[in-house]
Amino acid sequence: MSNPHSDALVFFGATGDLAFKKIFPSLHAMAKRGHLGVPVIGVAKANYTLDQLKERARASVEQHGGLDPAAFEKLCGLLRYVDGDYSDPATFQSIRQQLGSARQPAHYLAIPSAAFELVVEKLAESGCADNARVIIEKPFGHDLASAQELNRLLLGTFDERAIFRVDHYLGKTPVYNMVSFRFLNAFLEPIWNRTHVESVQITMAEAFGVQGRGAFYDQTGTIRDVIQNHLFQVLANLAMEPPVGTDSEAVRDEKVKVLKSTQPLTEADLVRGQFRGYRNEAGVQADSQVETFAALKLEIDSWRWKGVPFYVRAGKCLPVTCTEIVVRLRQLPTMYHGFDPKRNYLRFRISPDIAIAFGVNIMGTGDQTLSESVEIMASRHPGADEQDAYERVLGDAMDGDATLFARQDYVDEAWRIVDPVLKNAAPVHEYEPNTWGPSGVDQAILPPGGWANPMMAGAQERSGSA
Ligand code: BG6
């Protein structure tokens, strides 16, 4: 089936935060690469003029990546603006007009999900949804039932193949490279299973707090904000079987299977924390029980992974900002007297730098009866010219390539796994900012060999026994 390129992009929420931080910079980068040649219609209710929107686009690009005069001029030449209320049919008539001869537009709903229903309904009534794609942002609902409800709403107007659910983590180079790394390298497959892997840890640490998003965060919490979506996508990339082809559905089928084999979370396998000071953030309830940290243990009951624990940990106000995965291999029986070989491991770093490293044992340089743990590593910092995750997913959605988007059955499965603990939330424990979560976390949820906290300087020395 051919996927025609969208012949216009309409983005709702044009004067909003997401547009400022991500969409304008991505459109500018696409223009710079010569990948943008269709009308771009911003929509918002802000009493803006087109010139004001261009000024906002300029400020956005200057603050997020830097402005290239030729690319910016190109973007401005394509930019249109419709100012209007989303409940007003006239707004959608104006969009229709601005679409001109475009027959296959993509509508990007960069707006709060509470407004999705209204916008989708009006897109349908005005004919703007005919032959169109729709791009939506997480959260896709706030639990299983609401996600299914959202989906029913979208499917009332759009075909599943025309719905692009953005999880920007999927657009990150090291996240999708993880899949190619696994399936392009012969040495990995023989050890990538329960016989050789002892445990897997996924850590997403952020050294900052809720950054003015208190009202949003207090409705959301860490599990909904980053674990159920971003980190489950990472988990699926690590654990999936080789797809039968490279088309989007073959890949997405395998990812769904991983989640289908994953047991629902129980309270016993979860620790929730909240950093001290969170309750003083604007928009946060004074007695909030929302977590800003969560550590959990998952089990994947598949032929490959049965019995291998997968640990997932994420939090705000932790000591570093870093997303990293550590796959520990089972320990060898000690063959040499006096040696204490550490577990071998494979480490993927997703951000801030990109790295793949193997932890290996070598003979110590000083005392020859001791082994030393060192890393063999390939790493780099993302280049200035590297496609940003948003640029990649926006381009893919306009190309109709769904590989890097969450399919509905996947979203449902992800909610199924976390739903039990969302309903019966485990107690939330306070932790000091700049620490690795509540003090008891490593007693309650303890990977064999302990948590491997990401180290930010040098790769030779690793904490604990990674
Ligand atoms: C977002 C979350 O989806 O992802 C944020 O809402 C989080 O809370 C962010 O900080 C992390 O993404 P990135 O790409 O900035 O690491």
Side-chain angles (χ1 to χ4, degrees), residues 13 16-23 25-26 29 60 63-65 108-113 135-142 147 164-178 202-235 237 272-275 278 281-284 288 290-294 312-325 348-355 381-382 386-394 404-406 411 414-415 418 433 437 454 456:
D17 207 40
L18 184 68
F20 191 79
K21 287 188 183 147
K22 298 291 184 188
I23 302 178
S26 298
S60 146
Q63 282 179 36
H64 298 280
Y108 190 165
L109 310 192
I111 51 177
S113 52
I135 305 168
I136 62 165
E137 277 288 329
K138 78 165 186 76
F140 314 122
H142 58 270
F164 292 79
R165 298 177 191 83
V166 176
D167 181 327
H168 79 282
Y169 244 63
L170 284 174
K172 288 183 185 265
T173 309
V175 173
Y176 80 82
N177 267 354
M178 215 180 263
I202 303 172
T203 296
M204 177 181 182
E206 293 181 316
F208 47 86
V210 292
Q211 297 185 308
R213 296 159 76 222
F216 158 80
Y217 205 85
D218 214 38
Q219 301 290 318
T220 309
T222 308
I223 297 174
R224 288 187 174 96
D225 187 38
V226 298
I227 293 183
Q228 182 268 355
N229 33 64
H230 302 334
L231 299 188
F232 279 12
Q233 290 285 359
V234 170
L235 173 96
N237 281 0
R272 296 193 315 131
Q274 187 185 79
F275 68 80
Y278 171 71
E281 296 276 346
V284 171
S288 172
V290 167
E291 79 280 357
T292 61
F293 170 96
V312 179
R313 180 174 60 152
K316 302 277 187 199
C317 286
L318 300 191
V320 296
T321 297
C322 180
T323 299
E324 189 168 274
I325 296 130
F348 293 100
R349 181 171 286 188
I350 290 171
S351 68
D353 50 330
I354 302 174
H381 283 273
E386 187 144 336
Q387 259 192 338
D388 169 74
Y390 264 90
E391 182 193 347
R392 179 171 288 122
V393 293
L394 192 49
L404 300 183
F405 296 84
V411 173
W415 282 122
V418 298
M456 300 310 289

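As the structure lists them, so they are numbered: ligands from 1, and atoms in each ligand from 1. Position 1 is the first residue of the sequence; numbering continues from there.
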Peer 1: Only heavy atoms of His168, strictly under 4.0 Å: list the atoms of ligand 1 that pass.
Peer 2: 3 (O), 4 (O), 12 (O), 13 (P), 14 (O)

Peer 1: Is it true that Tyr217 and Gln211 share a donor-acceptor pair across their side chains at a distance under 3.5 Å?
Peer 2: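 Result is no, nothing qualifies.
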
Peer 1: Around atom 8 (O) of ligand 1, find the nearest protein heavy atom and jot down its residue, atom name and distance.
Peer 2: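 Result: Asp225 OD2, 2.6 Å.
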
Peer 1: Out of curiosity, is Lys138 lining ligand 1, as in a heavy atom under 4.0 Å away?
Peer 2: yes

Peer 1: How far is atom 16 (O) of ligand 1 from its nearest protein heavy atom, and which residue and atom is that?
Peer 2: Lys172 NZ, 3.5 Å

Peer 1: What I want to know is whether Tyr217 and ligand 1 share at least one N or O pair that is separated by under 3.5 angstrom.
Peer 2: no

Peer 1: Would you say that Phe405 contacts Val393 through its side chain, given a criterion of any heavy-atom pair below 4.5 Å between the two side chains?
Peer 2: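 Side chain of Phe405 against side chain of Val393, heavy atoms only: contact under 4.5 Å found.
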
Peer 1: Should the pair Asp17-Lys22 be classified as a salt bridge under the 4.0 Å nitrogen-to-oxygen rule?
Peer 2: no

Peer 1: Under 4.0 Å from a heavy atom of Lys316: give me the atoms of ligand 1 that qualify, with their elements.
Peer 2: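 Near Lys316, the atoms of ligand 1 are 5 (C), 7 (C), 8 (O), 10 (O).
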
Peer 1: Rounded to the nearest 0.5 Å, what separation is found between the CD1 atom of Ile227 and the OG1 atom of Thr222?
Peer 2: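 Between Ile227 CD1 and Thr222 OG1, I get 6.5 Å after rounding to 0.5 Å.
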
Peer 1: So is Glu206 polar-close to ligand 1, meaning N/O to N/O under 3.5 Å?
Peer 2: yes

Peer 1: What protein heavy atom lies closest to atom 4 (O) of ligand 1? Include the residue and the distance to one decimal.
Peer 2: His230 NE2, 3.3 Å

Peer 1: Roughly how far, to the nearest 0.5 Å, is CG of Leu318 from CZ of Phe208?
Peer 2: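 Rounded to the nearest 0.5 Å, the CZ-CG separation comes to 10.0 Å.
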
Peer 1: Could you see which bit of Met204 sits under 4.0 Å from ligand 1, with heavy atoms only: side chain, backbone, both or neither?
Peer 2: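 Met204 to ligand 1: side-chain contact only, backbone stays beyond 4.0 Å.
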
Peer 1: Using the ring of each side chain (for Trp, its six-membered ring), is Phe20 parallel, tilted or perpendicular to His64, with breaks at 30° and 60°?
Peer 2: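 Phe20 and His64: perpendicular rings.
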
Peer 1: Are any side-chain N or O atoms of Thr203 and backbone N or O atoms of Arg313, one a donor and one an acceptor, separated by less than 3.5 Å?
Peer 2: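 No: the side chain of Thr203 does not pair with the backbone of Arg313.
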
